[in-house]
Engineer: 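Sharing a structure below in C-alpha cells format, with a few things to ask.
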Amino acid sequence: MIGIALRTLRFHRGGLAASFVGMFLGAAIVIGCGGLLESGIHRAAPPQRLGAAPIVVSGDQRYHGTASDEVFSERVPVDAGLAGELASVPGVAGVAADVSFPVTLTRGGRRLAGHGWSSARLAPYTLVKGTAPSGEGEVVLSDRLGVRVGETVEALVRGGVERYRVSGIVGGAGDGAFLADAEALRAAGRPGKVDSIGLFTAPGADTTKVARDVGRAVAGRQVSVLTGDERGLAENPDVMSEGEDLIPLAAAFGGLSAMVTVFVVAATLGLSIRRRRPQTALLRAVGATPGQIRRLIVGETMLMAVAATGLACLPGPHVGRWLLAAFAEAGVVPDTLAYRAGVVPVIAGTCTALLTALGAAFVAAHAAARTRPVEALADASRETHRFSRFRIVLGLAFLAGGAALAWGTAKSDGPDAAGVATPAAMVWTAGFALLGPVLATAVTAALRRPLRAATGCAGFLATENARARTSRLTGAVLPVMLAAGLALALTYMQTTQTEGAREVFRDGLRADLAVTSRAGGLPLDAVDRIARRPGVAAASAQVTSTGYIEPAELAGPPVGDGDAGEGAPKPPGMALLGVTASGVTGTTAFRATSGSLDALDGASVALPERFAAPYRIGDTVPMRLGDGSRAALRLVATVRTRPGYETALLPAATLLPHTGTGLVPQIMVAVRPGTDPARLAGTLTRGEPGLRVADRAALSALRADQDRTQAWMSWLVLAVVVGYAAIALVNAQILAVGERRRQFRLLRLVGAARRQVLRMMAVEAVLVTAAGLAAGALVAAATLVPLSLSVLDMPVPHGSPWILGTVIAAALALTLAATLLPTLALLRGRPGATGDRF
C-alpha cells in the first residue's frame with residue numbers, strides 16, 4: 001500500500017498541498033515557540049558592560065526555599081567588603097566593584113548611568129584624554145557626548161543639581177559617567193553596598209576552577225557566582241524575573257498554536273480524504289482490507305508530514321528569534337535576553353506536527369476503512385456516516401472540562417483570570433469542534449427557510465447540499481470557528497483585562513498632581529517641602545516594590561540552592577507601596593479597616609485584609625522586601641483591596657533603602673479646594689531643576705500608554721495565531737470547493753448558468769460563515785463571561801462592538817473569496833469537458 005501511496009500522490013496534489021501548508025506553518029510556529037520557551041529557561045544575557053571580567057559576583061535574586069523559587073524584584077546588593085575577601089582567592093588577579101546610579105545632564109537632558117572609576121576596566125573603557133577622577137567634583141564622560149576636558153557640566157544626581165569638572169574622556173561602547181569611587185558610593189545611596197564585583201583571573205588560571213573556589217568562599221551568603229552569558233544577569237537583574245515570564249508566555253503561545261495546528265490539519269486532511277472517497281470505495285470493492293486502506297492514507301499523510309516538518313525546521317528558529325525581538329521591542333522582556341535554543345524545540349515541534357498528522361490521518365481514514373465492500377460504491381455517492389459514540393463522549397468530556405475551567409476563571413483573582421481563561425478557550429474549542437456536525441446541522445436547519453426565501457433556488461440547492469454532506473460542511477466550518485472564536489476570545493480578553501486594571505487605577509487615584517524628576521527620582525525630604533507649599537492639601541511619596549510575608553519555615557539562614565519542591569512553603573506575595581503617613585489618605589483611596597494609617601512610621605506595615613488574618617494590630621510581621629532583605633514590621637492597620645491587586649503600605653523611609661535607586665519615583669499631591677491645579681503645578685516646578693508635574697489627565701494617559709505596551713504582546717499572539725487560522729480557513733474552503741468539479745459540471749449540463757452556480761456557492765459560503773461564527777461565538781462567550789465576572793464583576797466583557805463587527809466581516813469576506821474564486825476557476829471550461837482534478 002505504501003507503493004500505491006507513492007504512485008498516487010501526484011493525482012491529488014491539491015488536497016495534500018492544503019494539508020502540507022497547514023502542517024508547515026503550524027510546525028514552524030510551534031518550533032519557534034519552543035525556542036522561546038527554552039530561551040526563557042536559560043535566561044541567557046550576554047554581558048556588555050561587565051564583559052571584561054571572566055567571573056562576576058552579584059546578589060542572588062532567588063528566594064530559595066519556596067515552592068516556586070520566587071525572584072526578588074529589586075537588585076539584591078552585595079557587601080562592599082566582600083571585594084577584599086575575594087581578592088585573596090587563588091587565581092584571582094584583581095577585583096573591581098561596581099555600582100550604578102542615574103545621572104541626567106541638565107544640558108540636553110541626556111540620561112546616563114553613573115559608576116565608580118575603578119569599574120571602568122570592566123567594560124572595557126579606554127581613557128583617551130585627560131585623567132581619572134581623583135576626588136569630589138570630577139567626572140569622566142564618554143567621547144560621544146561632545147564635551148571637553150576642563151569643561152564644567154551640571155548634572156542631576158540623587159534628585160539634586162551637582163556641578164562637575166570634566167577631568168577625562170573615555171572611548172568605548174555605551175555612554176557613562178564615572179566618578180571617584182567614594183563619591184560614586186555616596187551617589188548610589190547604599191552605604192557599604194555594591195551592585196556586583198568583577199573578578200580578573202591570573203594568566204593561565206582555569207576560570208572554572210577559580211569560579212568554584214570563589215563559590216566556596218561566598219558559601220552561606222545571598223550571592224551568585226556568574227560566568228559566561230550568566231554575567232549579564234549582574235548587569236540587568238530584570239532578566240531573572242521578566243525573562244522567567246517568557247516561559248508561561250511561550251507555553252501559552254505554543255499551546256494555542258499546537259491546538260490550532262491539530263484542528264487545521266484534521267479539517268484539511270479530512271476534506272482531502274473525503275474528496276477521494278470514490279477511489280477509496282473502488283479499492284474496497286476490489287478486495288482492499290480496512291488495514292490496507294488505513295496504511296495507504298497514513299502512508300501518504302506521513303510522507304507529506306515528514307516533508308512539511310522537515311522544511312519547517314529551517315524557518316522555525318527564525319520565527320522564535322523574530323518573536324523574541326518583537327517582545328523585547330515592546331518592553332515585554334529585557335532587550336538583553338538572548339535567543340538560546342538547541343535541538344529540543346526542533347525535535348518537540350517536529351514530533352508535535354508528525355503526531356498531529358498521524359492522528360488526523362487515522363481519524364480521516366476511519367470512515368472509509370470500516371465500510372464493507374458491498375456498500376463501498378454506494379457509500380461513495382451518498383454520505384451515510386453518522387456520529388461515532390466515542391466522538392460524542394469525547395466532545396462532551398471536553399465541554400465538561402471547559403465548564404470546570406470556566407468556574408475556575410470566575411473564581412480567580414482579576415489579574416490571574418486570563419491564565420485560566422486561555423486554556424479554557426482551547427478546551428471549549430476542542431469540544432465544539434468534536435460536536436461540530438451537530439452545530440452545523442442546527443445552524444443549517446435554522447437558516448434553511450430564511451435563505452430559501454431570500455435567495456430562491458440558490459438557497460434551496462445550498463441548504464440541500466449542506467444537509468446531504470454534513471461532513472464536508474463541518475470540515476469547512478471548523479476553520480471559521482477557530483479563526484472567529486479565537487479572535488473574539490483573545491481580543492475581548494485583552495480589552496476586558498485592560499479595563500479592569502484601569503478601574504483599579506481610577507478607583508485608587510485621589511491625587512490631583514504627580515511630581516517627578518528627570519533625575520530618575522526625588523529625595524525623600526522633597527515630600528515635606530512640597531507639602532508646605534501654599535495650596536497643597538496633602539502630599540505623599542509613592543514608592544513601588546514587591547515583597548513577601550515570610551513563612552515560619554523559612555525563618556532560618558536566608559540562603560539556599562534551588563527551590564524546595566511542591567511541598568515547600570508558598571510565601572504570600574504582594575505589591576508594596578511606600579507612602580507618607582500624613583498624606584496617604586488625601587492622595588490615595590486606601591482606608592484603614594482596623595488600626596490607623598497615621599501610625600505608619602518606622603518599621604511598620606498596613607496589610608491587606610486577605611493576608612492579615614493570622615495577625616492582630618501590634619503583632620510583628622516577618623517580611624522579605626524587594627531586595628531580599630528581612631524586615632520585622634509592626635502591624636498598625638489593615639486595608640481592603642480588590643482581589644488580585646493586594647497592596648501592603650509601608651513608610652517610604654522604610655522601603656526606600658531597599659529599592660534600586662533609593663529615590664522617590666513620584667510624589668502625589670492633593671490640591672486644596674479653590675486652588676488652581678495648573679497654577680500650583682507652575683509653583684511647584686519654580687526653582688527646582690528637572691522637576692516635572694503631571695495632572696490627573698496626564699497620569700491617566702500615562703497609564704493608558706503602559707496598558708497599550710503590555711497589550712501589544714497579546715495583539716502579537718493574536719495576530720500570529722488568528723492569522724494562521726485565517727490561512728487555514730482559506731485553505732480549507734479552496735479544498736472544499738475543489739471536490740465539487742463533477743457537481744458543477746452536472747449542474748452546467750442540465751442548464752445552470754455560471755452566475756446561478758456562483759449564487760449557490762455564495763449562499764453556501766454564507767451558511768458556512770454563519771455556522772462557524774455561531775460556534776466561534778459560543779467558544780468566545782463560554783470563555784469571556786467567567787473572565788468578565790472575575791475582572792469586572794459583570795457578565796458582559798468590555799470592548800467595542802466594532803471588534804465583533806470586524807470579525808464577522810472578515811470571516812465572511814475570507815470565506816466568500818476562498819469559495820467564489822476557485823469556483824470561478826472551475827467554471828471556466830465547457831460543461832462537457834473531461835478531467836476531474838482541481
Side-chain angles (χ1 to χ4, degrees), residues 14-15 18 267-268 270-272 274-275 277 381-383 385 433 436-484 725-726 728-777 808-828 831 838:
T268 53
L271 286 171
S272 175
R274 278 192 294 273
R275 182 182 177 186
R277 290 183 71 182
S381 61
R382 183 172 56 91
E383 188 174 285
H385 175 62
V438 174
L439 295 174
T441 302
V443 173
T444 301
L447 294 179
R448 182 179 296 120
R449 289 186 178 180
L451 285 177
R452 290 181 179 182
T455 59
C457 183
F460 174 81
L461 290 175
T463 53
E464 288 302 311
N465 280 330
R467 188 175 66 172
R469 295 287 183 179
T470 304
S471 295
R472 183 176 64 197
L473 176 67
T474 304
V477 164
L478 181 56
V480 181
M481 181 195 75
L482 280 173
L729 185 158
V730 174
N731 223 9
Q733 289 304 119
I734 294 175
L735 184 60
V737 173
E739 69 170 315
R740 311 283 289 276
R741 178 185 295 272
R742 290 182 176 178
Q743 180 186 0
F744 293 163
R745 185 184 303 130
L746 179 59
L747 288 172
R748 295 293 309 283
L749 286 173
V750 297
R754 285 189 179 91
R755 58 182 177 81
Q756 291 175 313
V757 176
L758 285 173
R759 286 186 65 191
M760 178 192 74
M761 294 304 293
V763 175
E764 284 195 28
V766 171
L767 193 59
V768 167
T769 305
L773 287 173
I808 293 174
L812 181 59
L814 284 174
T815 308
L816 282 172
T819 302
L820 298 182
L821 291 178
T823 300
L824 279 171
L826 289 175
L827 295 175
R828 283 183 303 181
F838 175 61

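Counting from 1, the numbers follow the sequence of the chain as shown. Values below: all heavy atoms of this structure, side chains included; hydrogens, waters and symmetry mates excluded.
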Engineer: Considering non-hydrogen atoms only, spot the tightest contact between Leu758 and Leu820 and give its length.
Structural biologist: O-CD2, 3.7 Å
Engineer: So which pairs with a foot in residues 450-462 pass side-chain hydrogen bond (donor to acceptor under 3.5 Å, both in side chains), sequence neighbours left out?
Structural biologist: Arg452-Thr463, Arg452-Glu464
Engineer: Let me confirm one number: the CG-CG distance from Leu826 to Leu821, rounded to the nearest 0.5 Å.
Structural biologist: 11.5 Å
Engineer: Of Val768, Val766, Leu773, which is the lone residue that meets side chain to side chain contact (heavy atoms under 4.5 Å, CB included) with Leu812?
Structural biologist: Val766
Engineer: Please give me the minimum heavy-atom distance between Val750 and Leu747, naming the atom from each residue.
Structural biologist: CG2-O, 3.1 Å
Engineer: Taking only residues two or more places apart in sequence, or in another chain, which ones meet Arg759 in a salt bridge (charged side-chain N to carboxylate O under 4.0 Å, His left out)?
Structural biologist: none
Engineer: Check Val477 against Ala771 and note the closest heavy-atom contact, atom names and distance.
Structural biologist: CG2-CB, 3.7 Å
Engineer: How close do Pro822 and Ala817 get, counting heavy atoms only, and between which atoms?
Structural biologist: CD-O, 3.8 Å
Engineer: Taking all non-hydrogen atoms of both residues into account, name the closest pair between Ala765 and Leu816 and its distance.
Structural biologist: CB-CD2, 3.6 Å
Engineer: Which atom names give the shortest non-hydrogen contact between Ala433 and Leu478, and what distance separates them?
Structural biologist: CB-CD1, 3.4 Å
Engineer: How many angstroms lie between OG1 in Thr823 and CZ in Phe744, if you round to the nearest 0.5 Å?
Structural biologist: 4.5 Å
